[in-house]
Amino acid sequence: MTVIKQQWSVFLIALGFLTRIPIGKVDFSPDKLNQASRYFALVGCLIGVMCAAVLWLVNQIVDLPTAIFVSMIAGFYLTGGFHEDGLADVCDGFGGGYTTERKLSIMKDSRLGTYGTLGLVSVLGLKFLLLCQLTNPMLALILMHTLSRATATSIIYSAPYATADLNTKTKPLANNMDTLSLWVIVLSTLLVLMVLNIVYLNILQLLIIISVCLVARQLLIKWFEHHIAGYTGDCLGFAQLVIEVLGYITLIIVLGNSHV
């Protein structure tokens, strides 16, 4: 029972870290935050379900594109634009800096630059257009909110944290992952995929999407290491959104269905 309570506390930390959902008073520590990363995929699933619910409800009143747009706004409010902030920071830092130190310095600047603005408009605009093309965007949201967070979070296990950022980071971050946490991510994600296999995609389609996510993961790791010799929390946010959008593109290809 003590183990269950402890893991529930760790899950609440994951929920509070990735969303604005009130979690009450929880005994927080950097070690528990590192453990909390094992539940990021499940929190992603919850975010996907809530965004899908908003989409469905709003679609009972207005047209699908408007409902999708409102669900995206709900997602921003739910997460506090957590991953979008990371995307913008990476675009600004990698686009405007010439050295590792300068890139990291720009990424810590709260101001939004040209590269960050272009990145946000491009990725979020593409996400909206892709969701509008899918005949079942609700299940697509649940799938990719889960799979993109699982894939992005697993980068913690495989890549080094940018050492130049260790002494200057201003935000708490899960920057260490043990093998047990990796397996929890894998198994929890597989559980969600098994359910979606029943109601949405067949095994081959799921394997294709998983393969695309894993290839994107490796390319992103190489890209991050090229620029800053590792990753930061902003990089994980960037990876989550990019992988999510790549997933929607893959869904359109493998399902071959569209509203257009």
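For reference, positions follow the sequence shown, starting with 1.
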**Asked** In Å, rounded to the nearest 0.5 Å, how long is the span from CG of Leu251 to CG of Leu206?
**Response** 9.0 Å

**Request:** Enumerate the residue pairs fulfilling salt bridge (charged side-chain N to carboxylate O under 4.0 Å, His left out) with a member in residues 126-138, sequence neighbours excluded, ordered by first and then second residue.
**Result:** Lys127-Glu244

**Message:** Measuring only between side-chain heavy atoms, which start at C-beta, is Phe69 closer than 4.5 Å to Ile73?
**Reply:** yes

**Request:** Could you name each residue pair satisfying salt bridge (charged side-chain N to carboxylate O under 4.0 Å, His left out) that touches residues 40-64, not counting sequence neighbours?
**Result:** none

**Request:** Under the side-chain contact (heavy atoms from CB on, under 4.5 Å) rule, what do Leu147 and Ile243 come out as? Steps first, then yes or no, please.
**Result:** CA-CA 8 Å; Leu147 195 52; Ile243 292 171; 5.9 Å; no

All N/O donor-acceptor pairs, side-chain side in residues 209-224, below 3.5 Å, sequence neighbours left out:
residue : atom : partner : partner atom : Å
Ser211  : OG   : Leu207  : O            : 2.8
Arg217  : NE   : Ser154  : OG           : 2.7
Arg217  : NH2  : Ser154  : O            : 3.0
Arg217  : NH2  : Ser158  : OG           : 2.4
Trp223  : NE1  : His227  : NE2          : 3.2

**Inter-residue atom distance Met72.CE - Glu84.CD, 0.5 Å rounding** = 8.0 Å

**Message:** Quick check for you: to the nearest 0.5 Å, what is the distance between Asn202 atom CG and Leu196 atom CG?
**Reply:** 12.5 Å

**Message:** Tell me every residue that passes side chain to side chain contact (heavy atoms under 4.5 Å, CB included) with Arg102, counting only those two or more places apart in sequence or in another chain.
**Reply:** Thr99, Ser105, Ile106

**Fill in**
Heavy atoms of Ser148 and Gln240 approach each other most closely as OG-NE2, 2.9 Å

**Message:** Main chain of Gly113, side chain of Asp92: is a donor-acceptor contact present, judged purely on distance under 3.5 Å?
**Reply:** yes

**Complete:** Distance col, row Leu143:CG vs Asn197:CG, nearest 0.5 angstrom, shows 11.0 Å

**Request:** Please list all pairs passing the side-chain hydrogen bond (donor to acceptor under 3.5 Å, both in side chains) test where one or both residues lie in residues 72-81, with sequence neighbours left out.
**Result:** none

**Message:** Using modelled atom types and a 3.5 Å cut-off, is there a donor and acceptor pairing between side-chain atoms of Thr250 and backbone atoms of Leu246?
**Reply:** yes

**Message:** Just to verify, what does Gln7 make a side-chain hydrogen bond (donor to acceptor under 3.5 Å, both in side chains) with, not counting sequence neighbours?
**Reply:** Arg38, Tyr39

**Thr100 side chain near Leu104 side chain, heavy-atom distance below 4.5 Å** = yes

**Message:** If you compare all heavy atoms of Ser71 against all heavy atoms of Leu141, which two are closest, and at what distance to 0.1 Å?
**Reply:** OG-CD1, 4.3 Å

**Prompt:** Is there a side-chain contact (heavy atoms from CB on, under 4.5 Å) between Ile156 and Tyr161 once you walk through the steps?
**Reply:** CA-CA 8 Å; Ile156 300 173; Tyr161 191 81; over 6 Å; no

**Prompt:** Can you tell me how far CG of Asp89 sits from CZ of Arg111, rounded to the nearest 0.5 angstrom?
**Reply:** 12.0 Å

**Request:** Any salt bridge (charged side-chain N to carboxylate O under 4.0 Å, His left out) involving residues 140-158? Give me the pairs, sequence neighbours left out, ordered by first then second residue.
**Result:** none

**Item:** hydrophobic_cluster_shared for Val49 and Leu191, side chain cutoff 4.5 Å
**Value:** no

**Fill in**
Between Ala159 and Glu225 the two heavy atoms that sit nearest each other are CB-OE2, 4.2 Å

**Asked** What are the two closest heavy atoms between Tyr248 and Leu134, and how far apart are they?
**Response** CD2-CD1, 4.2 Å

**Complete:** Taking every heavy atom of Ile228 against every heavy atom of Cys235, the minimum-distance pair comes out as CD1-SG, 3.8 Å

**Asked** According to a 4.5 Å side-chain heavy-atom criterion applied to Ile, Leu, Val, Met, Phe, Trp and Tyr, with indirect links allowed, do Met144 and Leu204 form part of one hydrophobic cluster?
**Response** yes

**Message:** Is there a path of hydrophobic side-chain contacts, each under 4.5 Å between heavy atoms of I/L/V/M/F/W/Y residues, joining Val195 to Leu139?
**Reply:** no

**Request:** Locate the shortest heavy-atom distance separating Ala152 from Ala239; write the atom from each residue and the value.
**Result:** CB-CB, 4.0 Å

**Asked** Is it true that Met194 and Leu46 fall in one hydrophobic cluster, defined by side-chain heavy atoms closer than 4.5 Å?
**Response** no

**Asked** Side chains of Leu64 and Leu55: closer than 4.5 Å at any heavy-atom pair?
**Response** yes

**Asked** Measuring from Thr151:OG1 to Ile185:CD1, what's the distance to the nearest 0.5 Å?
**Response** 9.5 Å

**Request:** With sequence neighbours excluded, give me every ring-ring contact (aromatic ring centres under 6.0 Å, His included) pair touching residues 98-120.
**Result:** none

**Request:** Kindly determine whether Leu236 and Thr153 satisfy side-chain contact (heavy atoms from CB on, under 4.5 Å), including the steps that lead there.
**Result:** CA-CA 7 Å; Leu236 299 183; Thr153 303; over 6 Å; no

**Asked** Would you call Met50 and Ile21 a side-chain contact if the rule is heavy atoms closer than 4.5 Å?
**Response** yes

**Message:** Test of understanding: with side chain to side chain contact (heavy atoms under 4.5 Å, CB included), list the residues that count as partners of Thr117, not counting sequence neighbours.
**Reply:** Leu112, Val121

**For Asp178, side-chain hydrogen bond (donor to acceptor under 3.5 Å, both in side chains) partners two or more places apart** = Ser181

**Complete:** Here the ring-ring contact (aromatic ring centres under 6.0 Å, His included) pairs for residues 185-216, sequence neighbours left out, are none

**Message:** For a 4.5 angstrom cut-off between non-hydrogen side-chain atoms, does Leu124 reach Phe76?
**Reply:** yes

**Side-chain hydrophobic cluster, 4.5 Å single linkage: members besides Val58** = Val54, Ile61, Val62, Val70

**Asked** Shared ILVMFWY cluster between Met107 and Leu118, side chains joined below 4.5 angstrom?
**Response** no

